[in-house]
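As the structure is a computational prediction, the values presented were derived from the model and not from experiment. Both backbone and side-chain heavy atoms feed into the values below; hydrogens, waters and symmetry mates do not.
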Amino acid sequence: MANVLYGQNKLDNSISQKLFSEAGTGREHENTTTAADLFSYTIPANTLEKGDIVRIKVFCTVVDSNGSDTLTPILNFGGTAIATGAALDVADSDIVYAWADVHCTATGSSGTLTSIAEIRTDALGAVHVIATTALTSMDTTGGLAVALNVDWDAAHADNEVRIDAVSIELV
């Protein structure tokens, strides 16, 4: 392992680099059937190199729910859904957790990546979703958006989901 303090011009790539994190914003998606991103971050152009892994972790909490209304979470990378949760009849204080590792296999205007992702929730009768996705023709010379999109099936003032924390690392 090279020591970056003694003449080394490149950082040791065995150490993760935080690209983005946030917690405690209190931002919510509520009272609408229009799908929306609870968070969105764009990985800057030309950041990824072949062999890089983008690790995504995000969780949110159902603040309030109305009866049997359902919530559908979707984790997106570069405009493509890499994990889609089942439409869940969530209850107050249920947690939705999403995780993904996105592996860069080629860079450039037609870059390729592959992801393994999961969405979990502690909702009663919850379905644990695991998905792999081949991401082809991803332009790594431009920005790549990462987002957790959520959608309620009914608009109601009591349908509220809040982003609690998100972290995106380059591993």
Has the side chain of [X] got a donor or acceptor atom that lies under 3.5 Å from a matching backbone atom of [Y]?
{"X": "Asp52", "Y": "Leu170", "result": "no"}
{"X": "Thr61", "Y": "Val63", "result": "no"}
{"X": "Thr33", "Y": "Ala155", "result": "no"}
{"X": "Ser21", "Y": "Val166", "result": "no"}
{"X": "His29", "Y": "Thr34", "result": "yes"}
{"X": "Thr141", "Y": "Asn46", "result": "no"}
{"X": "Asn31", "Y": "His156", "result": "yes"}
{"X": "Thr47", "Y": "Pro44", "result": "yes"}

Do you know the tightest heavy-atom contact between [X] and [Y]?
{"X": "Thr140", "Y": "Leu113", "value": "CG2-CD1, 4.5 Å"}
{"X": "Leu38", "Y": "Arg27", "value": "O-NE, 2.8 Å"}
{"X": "Phe39", "Y": "Val146", "value": "CE1-O, 3.6 Å"}
{"X": "Cys60", "Y": "Arg162", "value": "CB-O, 2.9 Å"}
{"X": "His128", "Y": "Ile119", "value": "CD2-O, 3.6 Å"}
{"X": "Val129", "Y": "Ala86", "value": "CG2-N, 4.2 Å"}

Is the closest side-chain heavy-atom distance between [X] and [Y] below 4.5 Å?
{"X": "Lys57", "Y": "Phe59", "answer": "no"}
{"X": "Asp158", "Y": "Asp69", "answer": "no"}
{"X": "Asn159", "Y": "Glu30", "answer": "no"}
{"X": "Thr133", "Y": "Ile82", "answer": "yes"}
{"X": "Thr70", "Y": "Trp152", "answer": "no"}
{"X": "Ile168", "Y": "Val54", "answer": "yes"}

Looking at CG of Leu75 and OG of Ser115, how far apart are the two atoms once the value is rounded to the nearest 0.5 Å?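 Going from the CG atom of Leu75 to the OG atom of Ser115 covers 8.0 Å.
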Residue pairs involving residues 93-102 (criterion side chain to side chain donor-acceptor pair (under 3.5 Å); sequence neighbours excluded):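 Every pair satisfying side chain to side chain donor-acceptor pair (under 3.5 Å) with a residue in residues 93-102: Arg55-Asp101.
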Tell me, which pairs form a side chain to side chain donor-acceptor pair (under 3.5 Å) where one or both residues lie in residues 72-90, sequence neighbours left out?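 Residue pairs with at least one partner in residues 72-90: there are none.
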The test is side chain to side chain contact (heavy atoms under 4.5 Å, CB included); show your working for Val150 and Ile74 and say whether it passes. CA-CA 6 Å; Val150 292; Ile74 302 169; over 6 Å; no
Applying the side-chain contact (heavy atoms from CB on, under 4.5 Å) test to Met138, which of Thr112, Thr107, Leu144, Leu48 qualifies? Leu144
